[in-house]
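Remember, it's 1-based here, ligands and their atoms both numbered in the order they're listed. Keep in mind the model is a prediction, meaning the values are calculated, not measured.
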Amino acid sequence: MSAINIRTAIPGPLSAAWEQRRRNAVPSGAGSATPVFIASGEGAVLEDLDGNTYLDFAGGIGCMNVGHRAPAVVEAVQQQMERFTHLCFSVTPYDAYVRLAEELNRRSPGSFAKKTMLVSTGVEAVENAVKIARAYTKRPAVIAFEDAFHGRTLLGMTLTSKVRPYKAGLGPFAPEVYRIPYAYCYRCSEPSRYPECEVRCAGALEDAFRHTVEATSVAAVLVEPVLGEGGFVSPPAAYFQKLRDICSQRGIVLIVDEVQTGYGRTGTFFACEQLGLEPDIVVTAKSIAAGLPLGAVTGRAEIMDAPAPGAIGGTYVGNPLACEAALAVLKIVDEQHLVERASQIGEWIGHRTRAYASAFPLIGEIRGRGAMRAFELVRDRDTREAAKQETEEIIRYCWHRGVIVLPAGTRGNVIRLLLPLVITDEQLDEGFSVLEAALASVGAPVPVAVFDSGNRMRKE
Ligand SMILES: Cc1ncc(COP(=O)(O)O)c(C=O)c1O
């Protein structure tokens, strides 16, 4: 049975009417990617107010690994609703917070003693990780990467790389944030390629200590294991090993931002695991609680204990409804083997997209880990000119035909897939048929090319 059912022009009359009211009531800065208002969701399917159904390849930006309205999550939240909805952990604590902290300590990479604090969002997790690293090292500076995304608060947007729309006109920014290039292999200017290049680009960190900020002033290096908003760029494990070694030698706290990669999406519970990477602190959010507002900072116990009591926290952090949802999510991930399912989805996509480079001239690179897959689209495979407008057209085509999909990348030319891991193979097939029709519908003619075994473009 088809999951997609488009019965009206998009947006339908009810969505269009709400869009009008929204324009009057909500600032344009709080924008939405699609013009359809949603009535309900189930698994990987969304239904809008006009009765149109869509496959959700966005998952509320990667929050719905366990799918919409997962019964165990709904039940856990309903049961907690019957007990209490809020207490404030810093006034009267409750056990769900502690149980979740224990689970995250156990599951996070590294065999050392760990502790977890809970927050409400991804950016709050990032900010607290930075505060904790500063308290521990007694140093001020943070090093972040080009093309990184870490959120929209003052420190968050400072740590984020992309200027438009996240930073332009919104300064001044937080001090003591320095930026170095990320290992973006597809756009690397080095003559040699990985593994011949030996990830010399990781040396940018040591270079920064010579040119920009002294190592003894640096509290933390903050890095995504796969760029999220930056376009699913996924450097080799050797890159992260080099960063790890430099941080260890220099007494710098390595913070890994797994807000978008965590909870199985990349085919391991944390992306760090497949990279053999043990961060000092890992931050999570998004799929942690199936969309209920929750984030977590998990790290080495001695680092996490550095701030004084009361220095980190907040009124709503670790909300009990969200904690119960998160505990239910962990159960679902285990019982439904969603980590393994993410690998299967990755393999399924790899198989399905094998011929894309020859079929669709716009394809520059297909990349990612596990179910976290993206296509970078270019107008010309030699110059790698970003196909931003074409990307927007493809995305619009998709949601007009029943697939909700998101752009990414600093150049706006990446299509990223953040589908619920509970999606069925039939739904994947249906969604990819739409995506393929969309890719076929646009694109300037460019020379035919294929990819080599390292997934790098090679001219025929
Ligand atoms: C890698 C990463 N870090 C941090 C954030 C910020 O999370 P939030 O939007 O929950 O504040 C995001 C959000 O997309 C993200 O992808």
Requested in this report: Check V45, L419, V403 against Q427 for a side chain to side chain contact (heavy atoms under 4.5 Å, CB included) and give me the one that passes.
Outcome: V45
Report task. Number the atoms of ligand 1 from 1 as they appear, then name those within less than 4.0 Å of a heavy atom of V259, with their elements. Result -> 2 (C), 3 (N), 4 (C), 5 (C), 12 (C), 15 (C)
Requested in this report: Give the numbers and elements of all ligand 1 atoms closer than 4.0 Å to a heavy atom of G151.
Outcome: 6 (C)
Query raised in the report: Near R152 CZ, under 6.0 Å, is it more than 12 heavy atoms from other residues, nucleotides or ligands?
Result: no
Query raised in the report: Closer than 4.0 angstrom: is that true for some heavy atom of K286 and an atom of ligand 1?
Result: yes
Starting from [atom], which protein heavy atom do you reach first, and at what distance in Å?
atom: atom 6 (C) of ligand 1; value: V123 N, 3.6 Å
atom: atom 7 (O) of ligand 1; value: G122 CA, 3.3 Å
atom: atom 16 (O) of ligand 1; value: Q260 NE2, 2.8 Å

**Report entry** Nitrogen or oxygen atoms of H150 and ligand 1 under 3.5 Å apart
**Finding:** no
**Report entry** Polar contact flag for D257 and ligand 1 (N/O pairs, less than 3.5 Å)
**Finding:** yes
Requested in this report: Answer yes if the ring centres of F149 and Y166 are under 6.0 angstrom apart, and no otherwise.
Outcome: yes
Query raised in the report: With backbone taken as N, CA, C and O and side chain as the heavy atoms from C-beta onward, which portion of E124 lies under 4.0 Å from ligand 1: side chain, backbone, both, or neither?
Result: neither
Requested in this report: Record the part of R152 in heavy-atom contact with ligand 1 below 4.0 Å; permitted values are side chain, backbone, both and neither.
Outcome: neither
Query raised in the report: So among E347, R341, E340, which one has a side-chain hydrogen bond (donor to acceptor under 3.5 Å, both in side chains) with Q344?
Result: R341
Report summary line: From the list Q249, R250, H211, side-chain hydrogen bond (donor to acceptor under 3.5 Å, both in side chains) partner of E206 resolves to R250
**Report entry** Axial cation check for F432 ring with R352, 6.0 Å and 45° limits
**Finding:** no
Query - Non-hydrogen protein atom less than 4.0 angstrom from atom 14 (O) of ligand 1 - result: yes
Query raised in the report: Aromatic rings Y356 and F375: how do their planes relate, parallel, tilted or perpendicular, breaks at 30° and 60°?
Result: tilted
Query raised in the report: Would E258 and K286 pass as an ion pair if we require N to O under 4.0 Å?
Result: no
